[in-house]
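Notes follow once the structure below has been shown.
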Amino acid sequence: MTENQPKLVLEGITREFAGHVAVNNLSLTLEHGQVTCLLGPSGCGKSTTLRIAAGVDREDAGRVLLDGKLISGGTVHLPPEKRSIGLMFQDFALFPHLNVVQNVAFGLKGNDSRARALEMLERVGLAHQADKYPHMLSGGEQQRVALARALAPKPEVMLMDEPFSGLDNRLRDGIRDETLGILKEEGTAVLLVTHEPEEAMRMADQIALMRRGEIVQIGAPYNIYNNPKDREAAAFFSDVNVICGKVVNAQTDTPFGQFFAPGMADGTKVEIVIRPQHLRIDFDRNGKGPNPTPQEGVPARGLVERARFLGSESLVELRMEYDNSLLRATVPGVFLPKEGTPLWLSMRRDRCFVFPAGNNERCIPVGTGK
Ligand code: ATP
């Protein structure tokens, strides 16, 4: 093994189930000490990818390399127990007839296995529960035992499938952070499957966004969030507003002013996408909004349909006067204007994404009626 070699490489992995392609020619590299999240909607092939990396399932095409050595592909298939990979699943299945320390020591070899198990329990803050049995622990404590068990053999790669989804919200954040701390300290390369964008943003060094068996975008969380590849990728991370337009001379006219659509041919339908927190709200002053600016374009007026307080922010839904569509804007703190209040919205150009609408039939350019 060389220093700069990736820890685990999946290369051109394809897996079919009865003619249905669950994973399609997927390639992914895990680096030492980095957390990679496979993120995507239910059924997009995340677990299948992880199971192939673990060796509990086998690819139909492609190969898996650990430290540069082939562990699966062609006629080679190293079984899971020989891969020195730690596994942690949503159903973490502790052995009910073994106490906590025995559960953690299970699978460790040598005379110091109990000492190592106790050391790991110390790390997850459960050394004082070592002699208890799993049914005597809370869900969160059981999860931490499972983590200690998975980490006890010092795996250099950890594969985790929705490991926190069985925990309630309050416990989840704490255990997630503790787990991340331990994995980082140990320098483990991690592949974590989740369908929750917040979890991926919180845990990942890199997010691999999956859709229909393929990775559609990969990168650091802030890159994926701030430079989504298309509307679907943007919408996976938060609610989005979509304004439709048509390209004329590399730009499109909308009720919010013009937007550049570089490189797009005349007549192309485009979707202008903006997150609710990036819409600017202004009060109506005698039927007027703020003056247009190059940064924020032209304001458009709407009437408040509903406003709700969500905790750290307020969500305001506006029925827009230009086409009766509904747009959502959020503002920090408490802002609860009455139903029917006129407000103006503007779109900060540096916060908008302009994508080709493709064959999205629901995208009807504003003002054209078609
Ligand atoms: P989820 O978040 O719901 O767990 P996922 O992204 O992990 O979804 P997979 O479990 O990898 O998705 O499944 C991908 C596709 O492959 C799904 O359509 C699923 O029904 C199918 N699939 C997975 N395992 C099998 C199997 N053993 N036999 C048949 N089809 C399968």
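Hydrogens, waters and symmetry mates are skipped; everything else that's a heavy atom, side chains included, is used. Numbering starts at 1 and runs along the sequence shown. This structure is a prediction, so every number in the text was calculated from the model and none was measured. Whatever order the structure lists ligands and atoms in, that order sets their numbers, starting from 1.
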So does Asp112 pair up with Arg114, basic N to acidic O under 4.0 Å? no

Return yes when atom NZ of Lys184 has more than 12 non-hydrogen atoms of other residues, nucleotides or ligands closer than 6.0 Å, and no otherwise. yes

List the protein residues in contact with ligand 1, where contact means a heavy-atom separation under 4.0 angstrom. Phe17, His20, Ala22, Pro41, Ser42, Gly43, Cys44, Gly45, Lys46, Ser47, Thr48

So for atom CZ, which belongs to Arg301, do other residues, nucleotides or ligands contribute more than 12 heavy atoms lying within a distance under 6.0 Å? yes

Between Arg306 and Glu339, does any NZ, NE, NH1 or NH2 come within less than 4.0 Å of an OD or OE carboxylate oxygen? no

Rounded distance (nearest 0.5 Å) linking atom CD1 of Ile274 with atom CG of Leu279: 4.5 Å

Apart from Leu98 itself, what residues make up its hydrophobic cluster, given side-chain heavy atom links below 4.5 Å? Phe95, Phe106

